[in-house]
Amino acid sequence: MAKARTAYVCTECGAEHSKWQGQCIECGVWNTLSEIVLAPAPGAKASVGAQRSGYAGHAAGAPRITPLITVALTTEARTQTGIGELDRVLGGGLVQGSVVLVGGDPGIGKSTLLLQMLGTLGAHLSSVYVTGEESLAQVAARAQRLGLPLEPLQALAETCIERILEQAMAMRPRVLVIDSIQTIWTELLTAAPGSVSQVRESAAKLTRFAKETATSVFLVGHVTKEGGIAGPRVLEHMVDAVLYFEGESGSRFRVLRAFKNRFGAVNELGVFAMSDKGLREVPNPSAIFLSAHAGPTPGSAVMVTREGTRPLLVEVQALVDQSSLGNPRRVVLGLEQNRLAMLLAVLHRHGGVAAYDQDVFVNVVGGIRVQETAADLPVLLAVLSSLRDRPLPEQTVAFGEVGLSGEIRPVPNGEERLKEAATHGFRRAVVPKGNAPKKGRVGELEVIAVERLSEAIDACR
Ligand code: TYD
Ligand code: MG
């Protein structure tokens with residue numbers, strides 16, 4: 001095989017360099033350059049896949065300018081995977097020809113979920129599970145333990161991308177799972193499997209395969225310590241959707257979140273519980289993020305967050321404790337760190353409550369990550385409750401963004417959040433004025449509208 005032309009690409013900013021150097025001259029970061037294969041010039045030779053597939057543009061020669069109305073009706077054929085929570089995160093089912101990256105810590109359930117999906121799909125879609133980490137016997141044993149129908153399941157233990165695609169071309173499955181992309185390598189490169197260049201090049205080949213043959217491809221990706229998916233940033237740009245498993249290692253609950261989705265809402269959540277029969281869907285996820293207290297406890301506030309397209313009740317816990325350090329600790333789990341410092345400053349200036357000599361710890365129960373500003377008010381109420389060692393009024397929920405001048409700002413979809421709280425039997429909601437209904441209540445739920453932080457504090461005495 002002719003030696004492929006290569007270049008060096010920065011894994012931070014994606015800049016290309018013709019030779020290796022220690023520092024990227026574009027973004028100035030050190031030790032991020034990695035070798036990649038340059039694609040042959042377009043038009044040199046159509047790929048085998050395009051010729052065989054009858055893929056619209058290529059089959060007739062060069063791609064043509066097309067009125068979108070003729071395209072819109074034919075694309076985005078979706079298939080239900082049979083796992084409702086997965087369909088929800090995918091944006092309503094599996095899209096033909098899409099490439100989905102599934103990331104998460106080791107042992108969190110990536111392989112289990114995808115194998116279960118193939119099991120339920122098996123009856124009406126042909127699929128291949130490519131395993132680079134486990135042996136065929138291990139995969140078969142797992143499928144059996146999960147109680148999946150074995151007849152339609154097909155697996156391939158192979159890590160060379162050229163040989164995987166050769167077999168996939170011959171068999172033409174509708175769904176292809178690669179577990180994991182870090183074990184896959186291409187003959188074009190000498191770098192070790194798992195290196196940035198190998199991951200990027202293999203993923204590029206798989207993406208091309210997916211688009212040319214309308215196969216849905218799932219890539220399993222490992223996660224680095226920093227929380228990113230190992231491999232170049234470009235991997236995230238190459239795929240259509242990035243799904244991420246979250247959850248505490250001690251807990252049996254697993255949250256699958258869409259970080260990027262070209263075919264659906266981002267931040268959409270799917271909730272699962274790991275059982276001895278694999279991952280089970282959790283139809284009513286609100287209940288699991290509320291810790292089971294016997295009675296009201298200081299430092300605990302319940303918020304209604306809206307991740308993706310559904311509202312979710314989540315408990316925020318705070319612990320405020322006299323600090324022995326000159327620089328008190330601010331520790332946040334499941335929320336943004338800098339936001340807490342800002343909120344504490346607002347609490348001081350506009351609520352008259354000082355916490356500068358206190359350690360403040362804030363945690364979101366259930367290992368879920370809340371990224372929206374609606375968490376501001378409940379976080380402050382939890383902090384205040386812990387500081388005063390006095391529980392918030394019973395059956396109370398809160399949400400709202402806190403501004404720097406102490407105002408409580410409305411957040412999107414207030415009505416829906418209030419309905420969710422009412423459904424779960426809450427009696428009082430402290431919410432921004434802009435989110436409160438005119439009647440002042442939703443069913444049994446009394447809505448207390450606040451405009452300023454001080455009003456919210458008064459409402460929770
Ligand atoms: P796995 O899917 O192998 O994780 P990943 O592919 O993300 O590394 O999940 C393995 C974990 O799940 C392991 O700790 C055992 C647990 N598990 C169950 O509890 N029940 C089951 O039925 C299965 C298959 C796994
Ligand atoms: Mg695995």
Side-chain angles (χ1 to χ4, degrees), residues 81-86 89-90 99-122 127-150 152-159 161 164 175-185 193-194 198-199 202-203 206 217-231 235-236 239 241-259 269-282 288 366-369:
T81 61
I83 304 178
E85 292 291 296
L86 178 62
V89 180
L90 287 170
V99 183
V100 178
L101 180 62
V102 180
D105 292 328
I108 201 156
K110 303 180 291 293
S111 307
T112 307
L113 178 67
L114 291 176
L115 197 59
Q116 280 181 271
M117 178 191 77
L118 295 190
T120 55
L121 273 178
S127 62
V128 174
Y129 181 90
V130 180
T131 168
E133 302 192 337
E134 293 165 73
S135 67
L136 288 181
Q138 281 172 309
V139 174
R142 176 183 303 210
Q144 209 158 24
R145 196 150 41 83
L146 290 170
L148 301 175
L150 287 181
L153 286 176
Q154 312 198 64
L156 170 67
E158 174 64 80
T159 54
I161 187 66
I164 292 171
V175 183
L176 183 67
V177 171
I178 307 286
D179 190 359
S180 67
I181 187 70
Q182 271 95 359
T183 59
I184 306 296
W185 55 280
Q198 289 285 10
V199 168
S202 309
L206 284 162
V217 175
F218 283 81
L219 309 176
V220 171
H222 291 294
V223 166
T224 59
K225 277 212 195 75
E226 295 75 40
I229 288 173
L235 194 54
E236 291 178 9
V239 300
V242 179
L243 312 184
Y244 214 147
F245 259 114
E246 296 170 5
E248 282 167 355
S249 49
S251 149
R252 62 194 186 93
F253 294 111
R254 305 279 186 267
V255 175
L256 187 66
R257 183 196 292 266
F259 263 74
L269 297 185
V271 183
F272 300 91
M274 184 59 94
S275 70
D276 55 347
K277 280 269 176 289
L279 288 164
R280 275 209 326 261
E281 297 177 55
V282 177
I288 67 169
I368 189 178
R369 224 168 285 164

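For ligands, and for the atoms within them, numbers begin at 1 and follow the listed sequence. For this chain, numbers begin at 1 and follow the sequence in order.
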Are any non-hydrogen side-chain atoms of [X] and [Y] less than 4.5 angstrom apart?
| X | Y | answer |
| --- | --- | --- |
| D179 | K110 | no |
| I161 | L206 | yes |
| R252 | S275 | no |
| L148 | L153 | yes |
| V271 | R254 | no |
| L113 | L86 | yes |

Problem set entry | Heavy-atom donor-acceptor pair, E246 side chain to R257 backbone, under 3.5 Å |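 Absent.
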
Exercise. Is there a donor-acceptor contact under 3.5 Å from the side chain of T120 to the main chain of M117?
Worked result: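 It does hold such a pair.
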
Students should be able to answer this: which protein heavy-atom is nearest to [atom], and at what distance?
| atom | answer |
| --- | --- |
| atom 2 (O) of ligand 1 | T112 OG1, 2.5 Å |
| atom 23 (C) of ligand 1 | R145 NH1, 3.9 Å |
| atom 10 (C) of ligand 1 | G107 O, 3.9 Å |

Show which atoms of ligand 1 fall inside a sub-4.0 Å distance from at least one heavy-atom site of [X].
| X | answer |
| --- | --- |
| D276 | 22 (O) |
| L146 | 22 (O), 24 (C) |
| S275 | 18 (C), 19 (O), 20 (N), 21 (C), 22 (O) |
| R142 | 1 (P), 2 (O), 3 (O) |

For this session: Answer yes or no for S180: is there an N/O/S atom below the 2.8 Å cut-off from the Mg ion (ligand 2)?
Result: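 Checking the Mg ion (ligand 2) against S180, no N, O or S atom falls under 2.8 Å.
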
Ligand 1 versus [X]: contacting region, heavy-atom distance under 4.0 Å:
| X | answer |
| --- | --- |
| P106 | backbone |
| M274 | side chain |
| K277 | backbone |

Problem set entry | R142 atom CZ: more than 12 heavy-atom contacts under 6.0 Å |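 Yes, enclosed.
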
Exercise. Nearest to atom 4 (O) of ligand 1 by heavy atom, G278, G109, S111, G104: which?
Worked result: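 Looking at heavy atoms only, the winner is G109.
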
For this session: Mark whether atom 15 (C) of ligand 1 lies under 4.0 angstrom from at least one protein heavy atom.
Result: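 When distances to the protein are checked, atom 15 (C) of ligand 1 has no heavy atom within 4.0 Å.
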
